[in-house]
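Bear in mind the structure is a predicted one, so any value in this text is a computation, not a measurement.
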Amino acid sequence: MTLMLRDMGTILSLALPGLVCLAGILWAYLIVGAWRPAAEHRGGYWALEAILLICGPITTVAIAMYPPGGTPSVFQEINHGANLTAVVLAAWVILKAVSHPRKNAGWVTFAVLTFYAVLGVSTVAGVVPDFPEAYWTTPLVVLAFLVYGGYSSEWLLKMSRLVIRIIVVLSFAAILLLPQIVFNLEEARTVFGIHRLQGLMGHPNGFAALAVVGFMLELHARSRLVWRGMFLVAVILAQSTTGIIALVIGLLVMTNALSKAFRVALYLGAVATLLIALFGGNQWLMSTFVPEQAGTLTGRTAIWAAALVGFQLNPWFGYGPTLLGQEYRNSYLPNFDAAAQAHNQFVQTLGGEGITGLASLVILISVLLFAAFRVRKSTDGLSVALVMYLVVRGVTETPLRPAGPGSTTFILIVVFGLLVATLSEIAAESPTIDDHAKSRSQPKLEGRTIRAEGTGGEAPHQSTARSV
């Protein structure tokens, strides 16, 4: 009897994981069955929506709930499972792109993939070869949005606004529920006595970056004032100098979305800020809003000098992906322990990937800027504002550094996806050579009405939707 019960327990222990997997597959099938048509109705694809949600609130919340000290927890497993799911979905979307390719934007895709390919070369040709997981998962997830042509720019912007709203709302809610994780208590910097707000992002600079992008998207959509106000408060409380500068530049670029009075106030505020920066101004204002280490960009100049040691070791291909990692600091900079990344995209790329990496970065930024200005009218300046945000943030952070499925990759998806989708939409709306030939071949009829079949004498109506 005991032996029989033991055998039954063994059978159940083996069968239970299989039943759980079967239930998960059935649940996913039912969910996708309802999700798929709804996503298509919104102008997108269910798998891409899932990737955006994973890179946004799912991984953000999971990482925020990690216990201190690196203690293993269920949230780490959730994050790992979410990352794996995002990669699988991205691979599926890339396969679907064979039948639904993105057209008229291949040059942007080529520039992005070239940059990631050069990063991949450094994993082999660098001083210390290494191949982190993020160096292949990040390009794969980004590539899905570059090559798949089954979504519109309007859908991407709507989904992106939803994702950022969820993260920011949860971050503000966490002030009451989890105050110990939403404020950066390690830094002495405060505004009105409040420590820097980092929300669920793990660092104030990351929270400010997401809030800046969210504000630009809400401004472009002319959404309710409550959303724009929430994101603006988030940027101020995060106390990120780079975030504030990027926001101001974005506002100046997107002046078409602003009222005349707001534009005048913005210009006057920019002039006042410049005068304060040049001539000192009010001491309270300077001490409240300007960091004490502003002269060294809050200590980043020392980090840049340390990162360039990697370039000196290998000028062509750099040190590799582990630049400024613990081994790097132990070997070459034993007294330096300020940061695990260069806090400058150009320095990070030059030190980690050498001259080849820097060349691919310059090409990528040039292509992004060219594409952004090409579609600026269709996006009311949003495309230029987002690319300028990447450039400005690249001065003090590393927004293009591979980080796997997460908020950093999410922002890249928004920028790259908007450019390629809008380029395709503009090309689709532009008349082709055949269209011009047909129009010339049709005689002009003055004073006569052309009656269409089945329209009851009325000319067929064709509606045109806004690109973004």
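Looking only at distances, a side-chain donor or acceptor of T356 sits under 3.5 Å from a matching main-chain atom of W316. Counting only distance, with no hydrogens or angles, the side chain of Q239 and the backbone of I194 share a donor-acceptor pair below 3.5 Å. Under the 3.5 Å distance criterion, the side-chain polar atoms of T114 are matched with a main-chain donor or acceptor of F110. In this structure a side-chain-to-backbone donor-acceptor pair under 3.5 Å is missing from R374 to L423. For the pair T422 (side chain) and L419 (backbone), a donor-acceptor distance under 3.5 Å is absent. N344 contributes a side-chain N or O that, together with a main-chain N or O of V395, makes up a donor-acceptor pair within less than 3.5 Å. In this structure, E77 contributes its side chain and V74 its backbone to no donor-acceptor pair below 3.5 Å. A donor-acceptor distance shorter than 3.5 angstrom exists from the side chain of S424 to the backbone of K103, with no hydrogens or angles considered. Side chain of Q348 to main chain of A342: a donor-acceptor pair is present (N/O by atom type, distance under 3.5 Å, no hydrogens or angles). Under a 3.5 Å cut-off, the side chain of T349 and the backbone N or O of F346 do not form any donor-acceptor pair.
Contact record, P405 with T137: CD-OG1, 3.9 Å, taken as the closest heavy-atom pair. Taking each heavy atom of L219 and L251 in turn, the nearest pair found is CD2-CD2, 3.5 Å. Scanning all heavy atoms of the two residues, the minimum distance from I413 to L156 falls at O-CD2, 4.1 Å. A371 and W107 get closest at one heavy-atom pair: CB-CH2, 3.6 Å. Considering every non-hydrogen atom in both A174 and L200, the closest pair reads CB-CD2, 4.0 Å. T322 and Y328 make their closest contact through O-CB, 3.8 Å (heavy atoms, listed as atom of the first residue, atom of the second, distance).
Contact annotation: the side chain of E218 approaches that of F231 to within less than 4.5 Å [non-hydrogen atoms, C-beta and beyond]. Residues I175 and L197 are in side-chain contact: their nearest non-hydrogen atoms beyond the backbone lie under 4.5 Å apart. At least one side-chain heavy atom of S160 sits under 4.5 Å from a side-chain heavy atom of F410.
For E186, the CD atom sits in a loose shell: 12 or fewer heavy atoms of surrounding residues, nucleotides or ligands are nearer than 6.0 Å. Heavy atoms of other residues, nucleotides or ligands lying less than 6.0 angstrom from OH of Y66 number more than 12. Crowding of E40 atom CD: a count of heavy atoms from other residues, nucleotides or ligands under 6.0 Å exceeding 12. The environment of CZ in F131 is crowded: more than 12 heavy-atom neighbours from other residues, nucleotides or ligands sit within 6.0 Å. By the neighbour-count criterion of 12 heavy atoms within 6.0 Å, atom NZ of K96 is densely surrounded, having more than that number from other residues, nucleotides or ligands.
The CG atom of L252 sits 9.5 Å away from the CG atom of L247 when rounded to the nearest 0.5 Å. Between atom OG1 of residue T138 and atom CZ of residue R401 there is a gap of 10.5 Å, rounded to the nearest 0.5 Å. In this structure, OG1 in T60 is found 10.5 Å from CD1 in I166, a value given to the nearest 0.5 Å. A distance of 10.0 Å separates CH2 in W155 from CG in L157, rounded to the nearest 0.5 Å. Here the CD1 atom belonging to I249 is positioned 14.0 Å from the CE atom belonging to M254, to the nearest 0.5 angstrom. For the atom pair CG of L382 and OH of Y389, the computed distance is 13.0 Å after rounding to the nearest 0.5 Å.
Judged by the 6.0 Å distance and 45° axis criteria, R36 is not positioned over the aromatic ring of Y45. Cation-pi contact between R165 and W227: present, with separation from the ring centre below 6.0 Å and deviation from the ring axis of at most 45°.
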Are V112 and F115 close enough, and set up right, to give a side-chain contact (heavy atoms from CB on, under 4.5 Å), and what steps lead you there?
CA-CA 5 Å; V112 175; F115 175 72; 5.9 Å; no
Report the C-alpha separation of R196 and F183 in whole Å, then their side-chain angles, then the decisive distance to 0.1 Å, and conclude whether the side-chain contact (heavy atoms from CB on, under 4.5 Å) test is met.
CA-CA 6 Å; R196 300 185 68 186; F183 290 102; over 6 Å; no
Apply side-chain contact (heavy atoms from CB on, under 4.5 Å) to the pair Q345 and E397, showing each step before the final yes or no.
CA-CA 6 Å; Q345 185 63 61; E397 300 293 339; over 6 Å; no
List the steps and the verdict of side-chain contact (heavy atoms from CB on, under 4.5 Å) for F311 and I355.
CA-CA 8 Å; F311 166 71; I355 296 174; 3.8 Å; yes
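Between R393 and N205, the side chains place no donor N or O within less than 3.5 Å of an acceptor N or O (distance only, hydrogens not considered). The closest side-chain donor-acceptor pair between T242 and T396 falls under 3.5 angstrom. For the residue pair E425/S153, the side-chain donor-acceptor check at 3.5 Å is satisfied. With hydrogens and angles left out, the side-chain atoms of Q341 and T398 include a donor and acceptor closer than 3.5 Å. A donor-acceptor contact under 3.5 angstrom links the side chains of N330 and Q326, judged on distance only.
Looking at R42 and E154, no side-chain N of the basic residue comes within less than 4.0 Å of a carboxylate O on the acidic one, giving no salt bridge.
Partner of L358 under the side chain to side chain contact (heavy atoms under 4.5 Å, CB included) criterion, out of V347, L350, I363: L350 alone.
Residues passing the side chain to side chain donor-acceptor pair (under 3.5 Å) test with W136, sequence neighbours excluded: none.
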